[in-house]
Amino acid sequence: MWRILLLWVCVCICLPAQAQAALVVSSEDALTQLFGPYLVHETKEATDTRSREKRSTNSANVEVNSIRVVCTVATRFAHTVMTSRAQNKANSSQEVFFEVELPKTAFITNFSMEIDGKVYVGEVKEKEKAKEQYEKAVSSGQTAGLVKASGRKMEKFSVSVNIAASSNVTFILTYEELLQRKLGQYEILTRVNIEQPVQDFEILADIYEPQGITFVEATATFLTNELLPLLKKTVTDTKAHISFSPTVEQQKCSECDGTIINGDFIIKYDVKREKSLGEVQVVNGYFVHFFSPPDLARVPKNVVFVIDRSGSMQGTKILQTREAMTAILKDLHKEDHFAIILFDDKIVPWKDFLTKATAENVSEAIRYVSNLQDHGSTDINTAVLRAVKMLKRERKNERLPVRSADMIILLTDGMPNHGVSNTQDIQKNVKTAIGGRMSLFCLGFGNDVDYSFLDVMSKQNKGLARRIFVGSDAVVQLKGFYEEVSSPLLLEVKLRYPDSKVDFLTKNDHSQLFDGSEIVVAGRLNDNDMNNFVVEVHAQGPEEDFQVQEKASVANWQTMYPDKEYIFGDFTERLWAYLTIQQLLETSGISTQKEKDNMTAKALNMSLRYNFVTPLTSMVVTKPETEDGADSSFVADKLTEEQRQAAERRGGFSASPAAGRTVSGAISKRVQAKTFRSHGGRSRGSSGHSDVDGDPHFMIQLRNATDKYNALCFDINDKPGTIYNLVRDTKSGFVVNGQLIAKKKFVPNGKSNTYFGRFGITHQKLDVRLDVSTQEISVFHNGKQVTLLWSDTASLKETDLDLRLTDNCSLTVTLRHSVKFMIIRHTKVWKRRHDQQDYLGFYTLDCHHLSASVHGLLGQFYHGVPFETRDFRQGALENLDATMYVKGQTLNVTSHWQKDFSKDVKNGESIPCWFVGSDGTGLIDGTASDYIVSDLFETV
């Protein structure tokens with residue numbers, strides 16, 4: 001089937017890896033992500049009757065008529081509807097894919113497709129009941145999962161439908177979310193990238209806040225002087241209307257083929273806070289209370305920073321930790337007290353007591369952390385208990401202010417592997433030691449951490465956990481988290497309501513209120529009599545207790561917003577349900593099994609009642625039957641953080657803001673001295689790049705591994721003429737096969753080396769075939785053929801193919817929305833023997849679009865491989881030996897060096913790796929002989 005891209009609105013698939021990953025990163029409170037591409041391909045019956053030339057022009061056959069995003073916010077509760085309409089103008093059926101990204105904190109509430117007047121609506125079911133349909137779809141070869149992790153904060157919803165000739169299809173997706181106040185504002189973000197102008201393109205947002213609006217900011221990263229007047233904003237005391245609707249002509253890019261609409265559309269706002277009590281809203285028998293009183297003094301804090309400096313923190317992580325800690329220490333207030341504990345397998349406190357944050361002490365601490373070095377393993381249990389003991393001792397000796405907040409901030413990037421290593425034992429020890437007297441905040445750096453372990457331990461101790469993603473902005477992430485929790489305003493906040501008037505309250509006891517945040521409590525009213533509805537709030541302030549008791553003043557929505565009743569409906573009830581489900585799911589993780597079962601049952605019942613797609617439910621989408629009558633049920637799930645992390649480890653999405661071929665930490669730097677240092681522990685590549693070069697050497701570079709030796713290597717040597725399958729992706733039809741050639745000059749009684757001398761590369765769906773030998777390069781695409789010599793400098797650019805040949809004998813090929821790779825022709829010269837050898841190397845530059853089922857000698861590692869190295873010992877010839885655990889195997893490995901020529905074609909870069917002998921047995925699936933194929937262009 002031939003695929004044509006009609007429209008891009010989701011940047012995460014339409015750009016090359018480096019640019020794409022930089023744009024995938026979202027703001028903390030991203031509310032809205034716009035529609036992804038419409039991908040269109042003809043059915044098999046249609047393609048069989050057309051030539052390739054005709055098929056390449058059918059992008060005009062499907063016209064996208066409309067894209068609209070309408071967001072309505074009623075007192076922080078956002079209801080977003082995304083609608084898109086397309087028409088099949090061809091005389092044959094077309095399959096259209098609909099994709100949209102939405103915040104991971106949002107709940108999908110509805111999805112429907114209307115095709116020629118008939119509506120197909122998604123149905124929310126219990127996850128277990130939907131599982132049978134999911135497994136049936138998977139067994140029939142369909143992509144049954146509609147929701148996947150996408151970036152740090154987003155999920156991608158996608159579905160496809162086959163529409164008949166001259167038919168129309170309308171997609172409607174609805175989701176809801178309670179906006180969180182962070183650092184003094186709420187944020188709505190819509191990311192757009194339209195490649196082709198759309199007749200009806202519109203972004204609308206209506207904000208209704210009876211409490212009063214203090215400011216509204218609306219902007220877009222793609223705004224030009226010409227587009228600026230189209231961004232319209234109307235703000236009154238209690239409502240705001242924002243719109244952006246460029247015409248087809250205004251969407252066009254004068255200097256490019258696409259459109260100028262490419263970037264982020266951002267709305268920020270906040271509300272008035274004039275009452276100490278906060279704001280209470282009542283609609284249709286449910287109430288919501290927003291509490292964030294103005295003009296509060298901050299409570300001094302006593303914070304112990306517990307910093308992991310184990311071997312896995314080497315390289316970029318340790319540098320970023322130094323930089324972040326320097327900025328955090330500078331932000332300490334003079335009333336604060338602080339301490340620093342560094343740990344690996346040893347616990348090293350800066351001082352044995354907490355120090356007041358004077359200018360002199362802060363400067364001394366900055367000098368201390370600037371010398372932070374990595375070594376050793378990871379003893380989380382002892383480190384955290386030392387911090388608890390220090391705070392307890394300081395309290396007992398009355399060295400800390402009576403009215404102050406005690407907190408521990410733990411930063412770690414790995415699993416506990418020294419001392420107490422059982423995570424449940426650590427959680428129990430820490431909870432017992434803390435005893436509810438302080439807060440624990442955990443930062444999980446990178447992807448090797450057990451985030452669920454940190455998350456539970458934080459929640460057990462009045463704190464929260466946050467993932468810090470490896471990337472160039474890790475310092476910003478660390479500082480951003482600290483800013484959120486650095487200024488407590490109130491401690492032990494208790495909100496009380498008349499027992500006779502309310503029931504089914506959400507959480508109404510909170511450990512702290514931080515500056516710039518907000519506490520939200522909702523519940524059901526037993527009657528609508530608000531005359532004696534008295535609200536009480538008790539908390540601890542910096543100098544005295546905070547106490548307020550007032551009769552709630554409730555706004556009349558019908559008077560304030562006449563003729564708008566149909567918009568709001570039961571929003572307070574749905575807000576209450578959303579908040580209740582979120583809190584039940586969070587609390588169940590730190591409860592007894594009986595309590596967890598009860599909470600799960602309640603959350604499931606509410607999810608079904610209010611049609612929310614949560615981790616306990618699934619949305620089943622039944623599509624029109626295909627011509628062969630195949631099952632067409634698809635299932636949309638809600639991902640948990642554990643599932644998101646697992647997807648990241650498999651390479652399901654890039655969590656880094658800058659992801660290309662660059663590997664992590666020290667291994668990405670040029671190696672100056674061939675000296676290995678041993679660091680134990682695990683290494684997980686969330687995405688792998690597998691290369692082959694030399695005679696022949698296979699190397700797997702794991703981009704997100706935290707161990708210094710985040711590369712594995714092995715050799716395979718066979719008879720000349722043997723053809724190996726290197727990459728095979730059944731979904732896209734992308735195949736790479738390589739043929740071995742013999743060394744040009746035979747050396748009697750010497751080692752008979754072989755090299756790759758020819759590659760056969762096929763992409764069935766893009767109709768691309770490349771025959772690359774040491775002499776020439778033949779390109780076949782859309783019935784055309786081009787032959788190039790390695791001495792040429794050439795560039796070939798078509799819709800689906802970008803090929804560049806440089807005079808340094810390197811060929812770079814990009815296959816659109818599939819893969820990017822480089823082939824290098826080497827000429828090795830032995831001057832003493834008057835001999836030379838031509839051979840080829842194959843380097844994968846970007847493979848994240850290939851499916852999870854990709855395989856082959858190289859392809860099986862494209863989505864990473866977890867491994868663990870232990871038992872380091874001195875080997876022969878000054879090499880380091882170790883024991884590796886990978887794929888259920890125990891292997892003996894040796895430190896080794898391989899050349900990577902992808903960045904320096906002439907000299908290459910020496911890369912340290914763990915070498916696996918015996919043709920990679922135990923590391924590769926099966927044996928090397930399993931990958932032998934009979935023909936250079938043998939496809940899937």
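Please read all numbers here as calculations on a predicted model, not as lab measurements.
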At what distance, to the nearest 0.5 angstrom, does CZ of Phe353 lie from CG of Leu400?
12.0 Å
Side-chain donor or acceptor of Gln427 paired with backbone N/O of Phe453 under 3.5 Å
yes
Parallel, tilted or perpendicular: ring planes of Tyr497 versus His289, cut at 30 and 60 degrees:
perpendicular
Taking Glu586 first and then Lys507, would you say they form a salt bridge - that is, a charged N and a carboxylate O separated by under 4.0 Å?
no
Where do Asn429 and Leu385 come nearest, in terms of heavy atoms and distance?
O-CD2, 3.8 Å
Will you find, in the side chains of Tyr578 and Gln582, an N or O donor that is under 3.5 Å from an N or O acceptor?
yes
At what distance, to the nearest 0.5 angstrom, does CD of Gln547 lie from CD of Gln540?
11.0 Å
I'd like to know if the side chain of Gln211 and the backbone of Lys272 have a donor-acceptor N/O pair within less than 3.5 Å.
yes
Can you tell whether the side chains of Asp545 and Arg403 come within less than 4.0 Å, N to carboxylate O?
yes
Salt bridge Lys268-Glu217, side-chain N to carboxylate O under 4.0 Å:
no
What do you reckon, is NZ of Lys351 surrounded by more than 12 foreign heavy atoms closer than 6.0 Å?
yes
Please check: side-chain N/O of Lys638 versus main-chain N/O of Ala106, any donor-acceptor pairing under 3.5 Å?
yes
Regarding Tyr186 and Glu209, do their side chains bring together a donor and an acceptor under 3.5 Å, going by distance alone?
no
Taking the side chain as every heavy atom from C-beta outward, state whether Phe612 and Arg574 have any atom pair closer than 4.5 Å.
yes
Residue among Leu319, Ile340, Ile307 satisfying side chain to side chain contact (heavy atoms under 4.5 Å, CB included) with Leu372:
Ile307
Set out, in order, the CA-CA distance, both residues' side-chain angles and the distance that settles side-chain hydrogen bond (donor to acceptor under 3.5 Å, both in side chains) for Asn302 and Ser404, then state yes or no.
CA-CA 7 Å; Asn302 314 304; Ser404 58; 2.8 Å; yes
Charged N-O contact under 4.0 Å between Glu492 and Lys462
yes
Compare every heavy atom of Leu478 with every heavy atom of Leu411, then report the nearest pair and how far apart it is.
CD1-CD2, 4.0 Å
Do Asn461 side-chain atoms and Gly463 backbone N/O form a donor-acceptor pair below 3.5 Å?
no
Among Val535, Leu505, Ile519, Leu277, which residue satisfies the side chain to side chain contact (heavy atoms under 4.5 Å, CB included) criterion with Leu495?
Ile519
Is it true that Asp336 and Arg298 have a side-chain N and a carboxylate O under 4.0 angstrom from each other?
yes
Considering only heavy atoms from C-beta outward, does the side chain of Ser607 approach that of Phe107 to under 4.5 Å?
no
Ser312-Asp413 side chain donor-acceptor pair, cut-off 3.5 Å:
yes
Can you tell me if NZ on Lys479 sees more than 12 non-hydrogen neighbours from other groups inside 6.0 Å?
no
Are there over 12 heavy-atom neighbours, none belonging to Lys459, within less than 6.0 Å of that residue's NZ?
yes
Decide yes or no on side chain to side chain contact (heavy atoms under 4.5 Å, CB included) for Ile242 and Phe265, but give the supporting numbers first.
CA-CA 11 Å; Ile242 299 97; Phe265 188 90; 4.0 Å; yes
Val476 and Gln320, any side-chain heavy atoms less than 4.5 Å apart
no
Stepwise, does the side chain to side chain contact (heavy atoms under 4.5 Å, CB included) test hold for Val369 with Trp350?
CA-CA 9 Å; Val369 298; Trp350 172 46; over 6 Å; no
Charged N to carboxylate O below 4.0 Å: is that the case for Asp406 and Lys392?
no
For Ser310, does its backbone N or O pair with a side-chain atom of Thr378 as donor and acceptor, under 3.5 Å?
no
Angle between ring planes, Phe291 versus Phe546, binned at 30° and 60°: parallel, tilted or perpendicular?
perpendicular
With side chain to side chain contact (heavy atoms under 4.5 Å, CB included) as the criterion, how do Thr80 and Leu102 come out once you've worked through the C-alpha distance, each side chain's angles and the decisive distance to 0.1 Å?
CA-CA 10 Å; Thr80 302; Leu102 63 153; over 6 Å; no
Within the 4.5 Å heavy-atom criterion, are Leu342 and Tyr368 side-chain neighbours or not?
yes
Residues, nucleotides or ligands: over 12 heavy atoms within 6.0 Å of Lys356 NZ:
no
Any side-chain heavy-atom pair of Tyr208 and Thr72 under 4.5 Å
yes
Taking the side chain as every heavy atom from C-beta outward, state whether Phe481 and Ile328 have any pair of such atoms under 4.5 Å apart.
no
Taking every non-hydrogen atom, the tightest pair across Ser591 and Lys596
CB-N, 4.2 Å
Heavy-atom closest pair, residues Thr238 and Pro210:
CG2-O, 3.9 Å
Identify the heavy atoms of Ser517 and Ser292 that sit nearest to each other, and give their distance.
O-OG, 3.0 Å
Sub-4.5 Å side-chain heavy-atom contact between Phe215 and Gln185:
yes
Which distance, rounded to the nearest 0.5 Å, do you find between the OG1 of Thr506 and the CD1 of Ile581?
12.5 Å
Measure from NZ or CZ of Arg76 to the centre of the six-membered ring of Phe290 and say whether it is under 6.0 Å with the direction within 45° of the ring axis.
yes
Counting neighbours of NZ on Lys334 that are heavy atoms of other residues, nucleotides or ligands and sit closer than 6.0 Å, is the number greater than 12?
no
I'd like to know if the side chain of Ser458 and the backbone of Phe441 have a donor-acceptor N/O pair within less than 3.5 Å.
no
Would you say the side chain of Glu483 lies within less than 4.5 Å of the side chain of Leu183, judging by non-hydrogen atoms?
yes
Just checking Lys233: does its NZ atom have more than 12 heavy atoms from other residues, nucleotides or ligands closer to it than 6.0 angstrom?
yes
Could you tell me whether a side-chain N or O of Ser588 sits under 3.5 Å from a main-chain N or O of Leu585, the two making a donor and an acceptor?
yes
Has the side chain of Tyr451 got a donor or acceptor atom that lies under 3.5 Å from a matching backbone atom of Ala465?
yes
Just do the side chain to side chain contact (heavy atoms under 4.5 Å, CB included) check on Leu391 and Met407 with the steps written out, would you?
CA-CA 9 Å; Leu391 280 167; Met407 63 176 68; over 6 Å; no
Arg309 and its side chain to side chain donor-acceptor pair (under 3.5 Å) partner, picked from Asp374, Asp344, Thr412, Thr321
Asp344
Regarding Arg466 and Glu484, does a basic nitrogen lie under 4.0 Å from an acidic carboxylate oxygen?
yes
SB check Arg273 Glu279 (cutoff 4.0 Å)
no
